[in-house]
Amino acid sequence: DVQLQASGGGLVQAGGSLRLSCVVSAVPGFVLEDYFIGWFRQAPGKEREGVACINSTDGSTDYLDSVKGRFTISSDDAKKTTYLQMNNLKPEDTAVYYCALDYWPGTAPLEADEYDYWGQGTLVTVSS
């Protein structure tokens, strides 16, 4: 089994930055290879949307159009941690952010339905 622990949310003014972290842990013997880690967010009254994802094998990434150039996803394999660096935050970025793991990658790595394991959310609030 796999567990994900997200952290790093908070309150920030528009134009500010936050870095979210997602620590992945697996039970002994559970093999993790060739998977995606994704960051998703859900604002009140809105559907969950994929923000960014990264492939564990080749480090390739993908982003939601509205965050390109502002957000960066990266991974530290030694720490089993994936980060989401968020710069130039806007009020519309306010949401609960979740990290997730796609154990059987398909063709849509920013689609929530692709993901098999989810962490708890961390709230990001951007004030204007």
Side-chain angles (χ1 to χ4, degrees):
D1 197 10
V2 176
Q3 292 187 333
L4 298 96
Q5 181 74 35
S7 62
L11 173 64
V12 63
Q13 289 187 331
S17 298
L18 281 174
R19 188 178 77 160
L20 306 183
S21 300
C22 176
V23 179
V24 179
S25 59
V27 297
F30 192 96
V31 177
L32 278 176
E33 58 184 16
D34 195 22
Y35 56 89
F36 275 87
I37 296 290
W39 282 99
F40 295 80
R41 66 186 182 188
Q42 188 164 19
K46 294 188 177 181
E47 293 187 355
R48 190 171 297 191
E49 63 180 354
V51 174
C53 62
I54 186 166
N55 184 297
S56 68
T57 301
D58 61 13
S60 59
T61 59
D62 198 7
Y63 295 91
L64 180 69
D65 283 348
S66 62
V67 308
K68 286 180 179 177
R70 300 189 297 123
F71 290 11
T72 303
I73 189 170
S74 62
S75 286
D76 183 331
D77 290 342
K79 295 182 179 180
K80 301 187 188 306
T81 301
T82 298
Y83 303 98
L84 184 67
Q85 177 66 43
M86 306 186 294
N87 298 329
N88 190 21
L89 282 160
K90 303 177 180 181
E92 51 264 42
D93 295 318
T94 295
V96 177
Y97 283 70
Y98 301 87
C99 61
L101 186 145
D102 183 0
Y103 190 71
W104 302 105
T107 58
L110 283 179
E111 292 292 329
D113 288 346
E114 288 268 343
Y115 285 74
D116 307 289
Y117 300 94
W118 291 81
Q120 89 295 354
T122 185
L123 177 62
V124 172
T125 303
V126 184
S127 63
S128 57

| message | Would a single hydrophobic cluster contain both F36 and W39, if residues Ile, Leu, Val, Met, Phe, Trp and Tyr are joined by side-chain heavy-atom contacts under 4.5 Å? | response | no
| request: Identify the two heavy atoms, one from L64 and one from L110, that lie closest to each other, and give their separation to 0.1 Å. | output: N-CD1, 3.9 Å
Could you go through residues 118-128 and list every donor-acceptor pair under 3.5 Å that involves a side-chain atom there, pairing it with any protein atom two or more places apart or in another chain?
from	atom 1	to	atom 2	distance (Å)
Q120	OE1	A6	N	3.4
Q120	NE2	A6	O	2.6
T122	OG1	G9	N	3.0

| query | Would a 4.5 Å heavy-atom cut-off, applied to side chains only, mark I73 and Y63 as touching? | reply | yes
| Can R19 be said to sit on top of Y83's aromatic six-ring, NZ or CZ under 6.0 Å from centre and within 45° of the ring axis? | yes
| request: Measure the spacing between NZ of K90 and OG of S66 and express it to the nearest 0.5 Å. | output: 8.0 Å
| query | Mind checking whether F40 and Y115 have parallel, tilted or perpendicular rings, split at 30° and 60°? | reply | perpendicular
| Cluster overlap V12 with L20, hydrophobic side-chain contacts below 4.5 Å | yes
| Can you list the residues that meet the salt bridge (charged side-chain N to carboxylate O under 4.0 Å, His left out) rule with D93, with sequence neighbours excluded? | R41, R70
| request: Please answer: with hydrophobic residues joined when any side-chain heavy atoms are less than 4.5 Å apart, are L4 and V31 in the same cluster? | output: no
| task | Going by the side chain to side chain contact (heavy atoms under 4.5 Å, CB included) test, name the single residue among N55, T72, I54 that passes it with T61. | result | I54
| query | Does any non-hydrogen side-chain atom of S17 lie less than 4.5 Å from one of Q85? | reply | yes
| Point-to-point distance, once rounded to the nearest 0.5 Å, from CZ of R48 to CD of E111 | 13.0 Å
| remark: Note: Y97 and A95 closest approach over all heavy atoms is CD1-O, 3.3 Å
| task | Taking all non-hydrogen atoms of both residues into account, name the closest pair between A26 and L32 and its distance. | result | CB-CD1, 4.0 Å
| field | Under 3.5 Å: donor-acceptor pair, side chain of Y98, backbone of G38 | value | no
| note | Test side chain to side chain donor-acceptor pair (under 3.5 Å), reference T82, set S56, S74, S75, output is S75
| If you look at every heavy atom in V2 and F30, which pair is closest and at what distance? | CG2-CE2, 3.3 Å
| said: Tell me whether V27 shares a hydrophobic cluster with V23, the cluster being built from Ile, Leu, Val, Met, Phe, Trp, Tyr side chains joined at under 4.5 Å. | reply: no
| request: Side-chain contact test, heavy atoms from C-beta onward, threshold under 4.5 Å: evaluate it for Y35 versus Y117 and give yes or no. | output: no
| request: Show the numbers, then the answer: is there a side chain to side chain donor-acceptor pair (under 3.5 Å) between D76 and T81? | output: CA-CA 5 Å; D76 183 331; T81 301; over 6 Å; no
